[in-house]
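In what follows, residues are counted from 1 in the order of the sequence shown.
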Amino acid sequence: MGLQQLKFIQDVETRWSTEYAMLDRLVSLREAVAAELSSSDVDSLSPLEWKLTSGLVEVMKPFADATKECCGNNYPTASMVIPTIHCLEIATTNHIRKNKFGTGVPFARYLIKALRSRFPMYKMDDINVLCTILDPRYKVVVFNDYETQYAVNQLKKEIKVNSIEVAKTPTKNNTSSNLGKQNPLRAIWQHRVFRGFLILMSDCFPLVARVALYYLSIPATQVATERVFSTAGNIFSNRHVLLLPHYFIHENLKLTSERH
């Protein structure tokens with residue numbers, strides 16, 4: 001049939017977005033599935049069911065993409081929470097407007113309702129607000145005037161607290177040359193956008209840089225921690241009687257190269 005050779009993807013309850021991946025792959029293999037089932041005793045999906053599946057995949061795609069982006073390791077993710085929810089609301093609302101009688105519209109309406117129920121005041125969460133306004137990618141782009149003023153006030157309060165702490169502690173060298181060596185910001189320092197931003201902040205606005213150092217290192221999800229445990233499971237198990245080097249350095253290679 002001239003189609004790309006792909007395997008089916010199974011839904012796994014403990015893995016995020018696998019249900020979307022399963023349905024997306026099924027839609028991609030529609031022609032192959034229909035051809036295979038035509039010569040078997042198994043009933044194929046009806047045209048209406050295929051249409052419904054395609055509608056669900058179209059609605060779920062922005063959520064799957066957002067989940068993947070918020071689970072990254074090498075860039076700040078907590079600052080993405082507010083812009084991500086904001087954009088998901090817009091994308092889902094636009095889908096409903098453009099496809100008033102589409103098969104995925106009822107599901108899209110349910111997702112909008114679930115978002116607003118689960119995150120009713122997400123633009124007023126102190127930690128996420130500070131992370132967002134400190135991120136040079138977003139700043140206050142998704143805030144209205146009232147939310148912007150609230151974010152600015154929160155940042156001023158945090159700067160004031162840090163200025164008091166700095167006055168009470170011995171002077172430390174937080175210049176741009178030493179900023180990248182600090183442990184909480186190692187992953188962020190690898191990203192050129194944030195490296196340039198923090199160099200500028202540390203030289204011109206050291207208190208802002210201090211606050212950014214603290215808040216931009218917060219992960220949005222626990223996926224990074226789960227990945228560490230998954231790697232540990234590959235290293236230590238009853239089936240491993242010989243530890244090969246690539247297992248041992250899988251998670252530590254970057255740290256090793258940084259230290260030397």
Please find the pair of heavy atoms, one from Thr92 and one from Phe63, that lie closest to each other, and give the distance. OG1-CE1, 3.5 Å
So do Val81 and Ile85 actually touch side chain to side chain, heavy atoms under 4.5 Å? yes
I'd like to know if the side chain of Lys123 reaches the main chain of Pro83, judged simply by a donor and an acceptor atom lying under 3.5 Å from each other, with no hydrogens or angles considered. no
Taking atom CD of Glu49 as the centre, does the number of heavy atoms from other residues, nucleotides or ligands within less than 6.0 Å exceed 12? yes
Have Asn153 and Gln149 got a donor and an acceptor in their side chains that come within less than 3.5 Å? yes
Does any part of the side chain of Leu26, heavy atoms only, come nearer than 4.5 Å to the side chain of Arg30, both counted from C-beta? no
Quick one: sort the Phe107 and Tyr110 rings into parallel, tilted or perpendicular, breaks at 30° and 60°. parallel
So does Asp65 pair up with Lys61, basic N to acidic O under 4.0 Å? yes
Does Lys51 offer a backbone N or O that forms a donor-acceptor pair with the side chain of Thr103 under 3.5 Å? yes
List the atom of Leu207, the atom of Ser163, and the distance in Å for their closest heavy-atom pair. CD1-CB, 3.7 Å
hydrophobic_cluster_shared for Ile90 and Val142, side chain cutoff 4.5 Å: no
Is there a donor-acceptor pair under 3.5 Å between the side chain of Thr77 and the backbone N or O of Ala220? yes
Is there a donor-acceptor pair closer than 3.5 Å between any side-chain N or O of Ser117 and the backbone N or O of Ala114? no
Under 3.5 Å: donor-acceptor pair, side chain of Ser217, backbone of Tyr214: yes
Take Met124 and Tyr146 through the test side-chain contact (heavy atoms from CB on, under 4.5 Å) and record every step on the way to the result. CA-CA 10 Å; Met124 294 296 166; Tyr146 174 78; 3.2 Å; yes
Any side-chain heavy atom of Ile82 sitting closer than 4.5 Å to one from Phe143? yes
Any side-chain to backbone donor/acceptor pair from Thr84 onto Ala66? Under 3.5 Å, distance only. no
What closest approach, in Å, do Leu216 and Pro76 show between heavy atoms, and which atom pair accounts for it? O-CB, 3.5 Å
Between Tyr215 and Glu158, a side-chain donor and acceptor under 3.5 Å: yes
Can you give me the closest heavy-atom contact between Val59 and Gly104, atom names plus distance? CG2-O, 3.6 Å
Mark yes or no for whether Glu58, through its side chain, and Gly55, through its backbone, hold a donor-acceptor pair below 3.5 Å. no
If we ignore angles and hydrogens, is there a donor and acceptor under 3.5 Å between the side chains of Asp126 and Tyr150? yes
Backbone of Arg137 reached by a side-chain donor or acceptor of Asp135 within 3.5 Å: yes
Ignoring hydrogens and angles, tell me if any N or O in the side chain of Arg25 forms a donor-acceptor pair with the backbone of Leu6 under 3.5 Å. no
Measuring only between side-chain heavy atoms, which start at C-beta, is Tyr122 closer than 4.5 Å to Leu115? no
